[in-house]
K.L.:
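Sharing a structure with you now.
So that the names make sense, note that chain A is the first sequence line, chain B the second, and so on, each numbered from 1. Note that the coordinates shown come from a computational prediction; the quantities given were computed from them, not determined experimentally.
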Number of protein chains: 2
Amino acid sequence: MPNSIDNKRRQKETLYQFFAHIGKALSNPHRLELVDLLTQAPRTVEELAAVAHMSIANTSQHLQRLKQARLVLDEREGVYIRYRLADDAVARLWQELRAVTEQQMAEVRDALDAYRDRRYEFEQISMAELRQRLQNGDVVLIDVRPEVEYAAGHISGALSFPLEDMAQRLNSLPPDLPVVAYCRGPYCVLADQALALLTGRGRQVARLEEGVWEWQQAGYVLSD
Amino acid sequence: MPNSIDNKRRQKETLYQFFAHIGKALSNPHRLELVDLLTQAPRTVEELAAVAHMSIANTSQHLQRLKQARLVLDEREGVYIRYRLADDAVARLWQELRAVTEQQMAEVRDALDAYRDRRYEFEQISMAELRQRLQNGDVVLIDVRPEVEYAAGHISGALSFPLEDMAQRLNSLPPDLPVVAYCRGPYCVLADQALALLTGRGRQVARLEEGVWEWQQAGYVLSD
DNA sequence: TTAGAATTCAAGTATTCTATTGAATAATGT
DNA sequence: ACATTATTCAATAGAATACTTGAATTCTAA
C-alpha cells in the first residue's frame, strides 16, 4: 500500500516542520538580538524597541513571531506588556547557537573584534578567579548594564553602575581597589566602554567576559 | 560623532547576522532531516538522497547550504563524497533545538504520535535499566538501523538487525529472551516496526527510545 | 472619555527558496 | 587517453516569504 507510505512521509515532514519553525524564528538578526536582550531581563515592547534601535511596530512584529514559536511569553502589566523568555531551555538553545557559530566561523571573531575594538586593551579575569577575589574583598565588581537588567538579577556582590550615568558617579566608586566590570556577556560592548572610562582616570581594571547567565550556569550565586 | 555610533550599530548587525545565518541553515525541514541522519553516520550524497527521499541535485543543494554554514564537512572518498557533521557541537545544537521544540509546542506530541502510531503498544525501557539487564545477560538488544549506521557506531552489546532484512533473519535471533530494539532516537519509527514484527511472532519486546548519540551523551559505552 | 501602549492591517518591496535542468568537474578504472 | 560515475555548478522560473513602515484599531488605566 503505497498510500500508507506516502502518509508516513507526510507525517515525518510535519514533524520536521515544527523543528524548522523554531529554526526560522532564529533566522533573523533582529529577533536574535531580542532573544539576547530578554536573556538579561524581561522587558516591554517599548523598552526593547529603544534598546535594539527598532521601530515599535517592527519590534512588535518580531516579538509576535517569537511568541508564535513559543520562545517568549508575554504578560500584561498595567498598560504595558512585558515579554520574557519562555523557558531556560531557550537560553540554552541561544547559547548553543552562539557556541556553534563562534566555533564554526572564523569570521565571527573578526566581526567581534571589529565590534569590540578595545577588547584586547583590558585584562580578562575568569569567573573562578573573580569569585576568589570577591571573597577576599580586594576587588570592586561593577555591573554596567541598564538598571532594569541589574534589578532582574546580578552577580552577588556587584554594584550597579550603568554605563549611561557612570561619568557622574565616578566618585562614588570605592577608591584604590582594582575594578572588574561585566555586562551582558562576550557580545556586549558596555563593559569595554566603562573600562575605557576608568583607565582614563588611572584606575586598574579588568573585564569579566561572561554575563549573568553564564555565571549562574557555572553554579555561582546571583542576587536580585 | 554620530558616524561612529552608526558604525557600531552596523558592526553589531554584522555579528548577529552570523548567528542568523546558522539559524537559517536550520530553518528547513529537509536540511534538518539531513542533519539528523548525519548524526547517525557519515554518508554520501547518494545515500542521503535515498534515505531522505529527495532528488540528488536537491540533496546536494541543501548540503551545500549546510556546508556553507559550516555545520557539515565533506570529504572525497574515491568516487564518492562523504558528508559528516562538522562537530559534536552541531549535534548538541540539534538536540537543544529538538528539546525546545518539544517542550514549547504541544503539537509536536501530536505529530509524533501520528508518525509513530504504534508507539504506545510497546513497553519502554530506560537506558539505565537496559544497561543493567545487558550486564545480567537476560535480554537481547538489537539495532534495527541500516548497516551503515550500525557500522559507524552502536551500543555496546547490540546485534545488527536492519529492519529491511529482518523478516528473513528472524530465526537467527537468540530464542526465548525478551528483545529490546532501538534505532535513531525518539523521532524514528524503525524500532516500532521491528517490534511489531516480533510481537507478531510472540516475542516479548520493549523499546529504547534513545539513540546512539544520547546513549553516549549519558556516558555509556559504544562500539564501532 | 481620553491618553498611551501595543497590536494589527495593508501595502509594497525585496528577498529568498525550492526544485529543475543541462553542462562542467573530478576521480576512477581500463 | 577515454569512458564512466558521482557530484557540483549555473541558470532559471515561479512561488512563496519576509521585512519594514505608517495608519487604523484594540485594549487598559485613570
K.L.:
Let me know the distance between CG of B:D74 and P of D:dA6, rounded to the nearest Å.
P.N.:
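Spelled out: CG on B:D74 to P on D:dA6 is 17 Å.
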K.L.:
Using a 3.5 Å distance criterion without hydrogens, assess whether the side chain of B:R10 forms a donor-acceptor pair with backbone atoms of B:K12.
P.N.:
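No.
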K.L.:
Does D:dT7 have OP1 or OP2 under 4.0 Å away from a side-chain N or O of B:S60?
P.N.:
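Answer no for this pair, as no side-chain N or O of B:S60 is under 4.0 Å from OP1 or OP2.
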K.L.:
Name the closest nucleotide to the A:R31 side chain, picking from C:dA6, D:dC19, D:dT8.
P.N.:
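In terms of side-chain proximity for A:R31, the closest of C:dA6, D:dC19, D:dT8 is D:dC19.
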K.L.:
Does D:dT20 have OP1 or OP2 under 4.0 Å away from a side-chain N or O of A:N58?
P.N.:
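True: A:N58 side-chain N/O within range (under 4.0 Å) of D:dT20 OP1/OP2.
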K.L.:
Between A:H30 and A:V79, name the one whose nearest nucleotide on DNA chain D is closer to the 5' end.
P.N.:
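Its nearest nucleotide being more 5', the pick is A:H30.
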K.L.:
What is the distance, to the nearest angstrom, from the NE2 atom on A:H53 to the C1' atom on D:dT20?
P.N.:
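Going from A:H53 (NE2) to D:dT20 (C1'), I get 18 Å.
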K.L.:
Starting from C1' on D:dT20, measure out to CD on B:E13 and report it in whole angstrom.
P.N.:
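Value for this atom pair: 13 Å.
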K.L.:
Phosphate oxygens OP1/OP2 of C:dA19: is one of them under 4.0 Å from a side-chain N or O of B:H62?
P.N.:
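Yes, within the criterion.
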K.L.:
Taking the basic N atoms (NZ, or NE/NH1/NH2) and the acidic carboxylate oxygens, is any pair closer than 4.0 Å for A:R92 and B:E96?
P.N.:
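Yes, this pair counts.
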K.L.:
Using atom CD1 of A:I81 as one end and atom C1' of C:dG4 as the other, report the distance to the nearest whole Å.
P.N.:
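Distance check: A:I81 CD1 to C:dG4 C1' gives 12 Å.
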K.L.:
Does the separation of the ring centres of B:Y182 and B:W215 fall below 6.0 angstrom?
P.N.:
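Ring centres of B:W215 and B:Y182 not closer than 6.0 Å.
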K.L.:
Quickly work out the B:Q64 CD to C:dA19 C1' distance and round it to whole Å.
P.N.:
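Those two atoms, CD and C1', are 16 Å apart.
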K.L.:
Quickly work out the B:Q68 CD to D:dT8 P distance and round it to whole Å.
P.N.:
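Going from B:Q68 (CD) to D:dT8 (P), I get 14 Å.
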K.L.:
Establish, with yes or no, whether the OP1 or OP2 oxygen of D:dC19 is under 4.0 angstrom from a side-chain nitrogen or oxygen of A:R65.
P.N.:
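The answer is yes; a side-chain N or O of A:R65 sits under 4.0 Å from OP1 or OP2.
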K.L.:
Does B:E47 or B:Q61 map to a spot on DNA chain D nearer the 5' end, using the closest nucleotide for each?
P.N.:
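Nearer the 5' end of the strand: B:E47.
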K.L.:
Examine C:dT7: is either OP1 or OP2 under 4.0 Å from a nitrogen or oxygen in the side chain of A:Y80? Give yes or no.
P.N.:
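It does not, given that no N or O in the side chain of A:Y80 lies less than 4.0 Å from OP1 or OP2 of C:dT7.
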K.L.:
Does a side-chain N or O of B:N28 approach OP1 or OP2 of C:dC17 to a distance below 4.0 Å, or not?
P.N.:
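No, B:N28 has no side-chain N/O under 4.0 Å of OP1/OP2 on C:dC17.
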K.L.:
Counting only side-chain N and O atoms of A:R82, is one of them less than 4.0 Å from OP1 or OP2 of C:dA6?
P.N.:
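Checking C:dA6 against A:R82, no side-chain N or O comes under 4.0 Å of OP1 or OP2.
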K.L.:
A:K67 near the nucleic acid: base, sugar-phosphate alone, or nothing, with a heavy-atom cut-off under 4.0 Å?
P.N.:
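Touches nothing.
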K.L.:
Are OP1 or OP2 of D:dT7 and a side-chain N or O of B:R76 less than 4.0 angstrom apart?
P.N.:
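For D:dT7, neither OP1 nor OP2 has a side-chain N or O of B:R76 closer than 4.0 Å.
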K.L.:
Figure out the CD/C1' separation between B:E46 and D:dT4, and round it to whole Å.
P.N.:
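Rounded to whole Å, this separation is 13 Å.
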K.L.:
Salt-bridge test for A:E33 and A:R184: reply yes if a basic N is under 4.0 Å from a carboxylate O, no otherwise.
P.N.:
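No, this pair does not count.
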K.L.:
Could you check whether A:R207 pairs with A:D192 (Lys NZ or Arg NE/NH1/NH2 to Asp/Glu carboxylate O, under 4.0 Å)?
P.N.:
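Looking at A:D192 together with A:R207, the answer is yes, because their closest N to O distance falls below 4.0 Å.
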K.L.:
Write down the distance between NZ (B:K24) and P (D:dA18), rounded to a whole number of angstrom.
P.N.:
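One finds 10 Å between P of D:dA18 and NZ of B:K24, rounded.
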